[in-house]
Amino acid sequence: MSSSKKSSTDQSQHTHLNQSWGGRFNEPVDAFVARFTASVNFDRRLFRHDIQGSIAHASMLCEVGVLTDIELEAIIGGLEAIASEIESGEFAWSIALEDVHMNIEAALTARIGDIGKKLHTGRSRNDQVATDIRLWLRDEIDAIGLLLSALQTGMIELASIESDTIMPGFTHLQTAQPVTFGHHLLAWNEMLERDFGRLQDCRKRLNHCPLGAAALAGTTYPIDRNHTSTSLNFDKPTENSLDSVSDRDFAIEFCAFASILLTHMSRMSEELILWTSAQFQFIDLPDRFCTGSSIMPQKKNPDVPELVRGKTGRVNGHLVSLLTLMKSQPLAYNKDNQEDKEPLFDTVDTVRDCLRAFADMIPAIEANKTTMYEAAKRGFSTATDLADYLVGTGIPFRDAHEIVGKAVAYGIAEQKDLSDMSLEELVQFSDQIKNDVFSVLTLEGSVAARDHIGGTAPVQVKAAAARALEKVSSR
Ligand code: ARG
């Protein structure tokens with residue numbers, strides 16, 4: 001909601017002294033400076049959480065006897081009416097009132113009179129904004145956690161379905177050993193599982209209430225910080241007032257989470273793009289996730305994964321913005337911090353969109369099993385299995401490696417996979433090779449033999465998928 005439905009920003013107020021802090025000023029703020037320093041065009045997005053924080057603050061002031069019950073009632077009624085007005089798009093935002101906090105406070109006073117001016121007792125916009133962003137980001141983290149879980153669920157279910165679908169596994173993007181498609185999908189899920197953990201870590205450290213720090217040093221009123229903290233569902237009040245108003249670690253940490261998540265999703269995207277290409281043809285993506293070309297009629301481009309890969313750049317950029325914003329900032333609050341919002345908002349929006357796109361797309365992947373299987377047969381993917389077989393006959397691994405290398409060279413010359421060679425051909429390389437070698441050289445034998453926790457054997461993949469699903473559904 002960075003721009004309002006109607007252009008409601010009131011330019012005419014530039015000529016007035018600011019009613020919130022104009023007391024010591026002799027001339028109004030320059031019109032350009034007012035626009036340059038204002039944040040209302042983007043921080044209005046925090047309005048619900050600003051009002052939530054104000055109601056908690058006012059309730060605490062009443063509890064400790066700074067506000068009367070009647071005053072509290074008027075303030076809460078006024079703030080709730082303002083919330084509805086903003087929701088309905090009727091609220092007139094004013095650049096002259098700088099930010100979401102002063103717009104709402106001025107509207108409250110306009111609505112309920114002088115009682116409205118008491119709301120700011122014992123607080124500052126510095127602890128107010130620190131609280132608002134935490135409350136806002138906490139809700140976003142919870143929504144993103146749900147999206148991430150939805151994506152993981154679809155991915156794990158597909159992995160279970162594809163637990164015995166054989167494909168080539170790669171190192172250096174060269175065929176290495178056969179794996180199952182389900183195993184590959186579960187590798188992706190492990191990345192996302194750690195991302196989910198990072199998101200929860202961020203939420204834990206974010207969940208301390210800065211209200212009461214006021215401008216920087218605390219306040220002389222008999223405030224009850226536990227009261228506000230509890231009523232806003234924070235774990236506890238922050239420990240140090242200077243740190244409370246200047247800390248933006250939680251925003252940086254969230255952006256770091258987002259950067260790592262998008263880095264993971266860019267890796268998945270890259271593989272999806274490769275796999276849909278005419279050269280691989282491992283998978284098909286349904287048409288609804290792709291677009292065509294205006295000039296080449298045959299094209300079906302994997303736009304969704306390409307865009308997700310591209311969006312990693314802007315999310316990484318936002319992380320660097322926030323780190324640079326905070327670098328060398330002296331204590332306590334500095335106006336620099338107003339610049340935290342747009343990168344953070346855009347990071348949240350981008351992460352949400354990317355997760356939503358992936359959560360829809362991943363379960364819709366169609367595996368071309370035959371193509372995957374044929375690809376796994378090329379590239380001597382069971383060479384390690386033959387070496388392991390020879391080790392089983394008592395040959396040291398290094399010697400076995402050498403023997404198989406020779407067999408592979410023969411296969412390249414004859415254009416034959418190891419499993420396509422006859423026993424006579426194979427014994428040229430070692431007389432230890434017997435008829436039972438063929439069960440080892442098949443792709444099925446190769447994957448089934450990796451039968452341990454974390455291995456690619458279909459039974460292990462099924463079991464791992466079940467464990468992963470259990471983890472996600474018990475959140
Ligand atoms: N709009 C400001 C921000 O986003 C609110 C805090 C302003 N505090 C101040 N002392 N000027 O950071």
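Keep in mind it's a predicted model, so treat the numbers as computed, not measured.
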Which pairs would a plain distance check flag for residues 318-325, meaning a side-chain donor or acceptor within less than 3.5 Å of a matching protein atom at least two apart in sequence or in another chain?
from : atom 1 : to   : atom 2 : distance (Å)
H318 : NE2    : D346 : OD2    : 2.6
S321 : OG     : G317 : O      : 3.1
T324 : OG1    : V320 : O      : 2.6

- Task: Indicate the ring-plane relationship of W188 and H184, choosing parallel, tilted or perpendicular according to the 30° and 60° boundaries.
- Result: perpendicular

- Got R123 and S54 here, is their nearest side-chain heavy-atom distance under 4.5 Å? yes

- Exam field: side chain D247 to backbone D249, donor-acceptor pair closer than 3.5 Å: yes

- Query: Does the pair Y373 and E444 meet the rule for a side chain to side chain contact (heavy atoms under 4.5 Å, CB included), with working shown?
  - Reply: CA-CA 10 Å; Y373 191 88; E444 289 79 2; 2.9 Å; yes

- Item | Identified side chain to side chain donor-acceptor pair (under 3.5 Å) partner of E253 from the options R205, R198, R248 | R205

- Query: Below 4.0 angstrom, N of the basic side chain to O of the carboxylate: do R203 and D142 qualify?
  - Reply: yes

- Task: Any chance you could lay out the side chain to side chain contact (heavy atoms under 4.5 Å, CB included) test for T382 and T442, step after step, and finish with the verdict?
- Result: CA-CA 7 Å; T382 55; T442 62; over 6 Å; no

- Message: For a 4.5 angstrom cut-off between non-hydrogen side-chain atoms, does F254 reach C202?
- Response: yes

- Do the side chain of D417 and the main chain of S419 share a donor and acceptor less than 3.5 angstrom apart? yes

- Task: Taking the side chain as every heavy atom from C-beta outward, state whether H227 and T230 have any pair of such atoms under 4.5 Å apart.
- Result: no

- Are D99 and S39 close enough that a side-chain donor and a side-chain acceptor fall under 3.5 Å? no

Let me check something: any side-chain donor-acceptor pairs from residues 456-468 under 3.5 Å, sequence neighbours excluded? List them with distances.
from : atom 1 : to   : atom 2 : distance (Å)
T456 : OG1    : T180 : N      : 3.0
T456 : OG1    : T180 : OG1    : 3.4
Q460 : NE2    : D451 : OD1    : 2.9
K462 : NZ     : S160 : O      : 3.2
K462 : NZ     : S160 : OG     : 3.3

- Evaluate whether atom CD of E366 has more than 12 neighbouring non-hydrogen atoms of other residues, nucleotides or ligands under 6.0 angstrom away. yes

- Heavy-atom closest pair, residues R225 and G212: NE-CA, 4.0 Å

- Message: T131 vs L135, test: side chain to side chain contact (heavy atoms under 4.5 Å, CB included). Steps then yes/no.
- Response: CA-CA 6 Å; T131 307; L135 288 172; 4.0 Å; yes

- Query: Is the shortest side-chain N to carboxylate O distance from E98 to K335 below 4.0 Å?
  - Reply: yes

- S124 side-chain N/O to N126 backbone N/O, donor-acceptor pair under 3.5 Å: yes

- Within 6.0 angstrom of H208 NE2, more than 12 heavy atoms from elsewhere: yes

- Hey, is the main chain of E425 close enough, under 3.5 Å, to the side chain of Q428 for a donor-acceptor pair? yes

- If you count the non-hydrogen atoms of other residues, nucleotides and ligands that lie under 6.0 Å from CZ in R356, is the total more than 12? no

- Are F181 and W275 close enough that their ring centers fall under 6.0 Å? yes

- Message: Is the positively charged end of R138 above the ring of F234, judged by distance under 6.0 angstrom from the centroid and angle within 45° of the axis?
- Response: yes

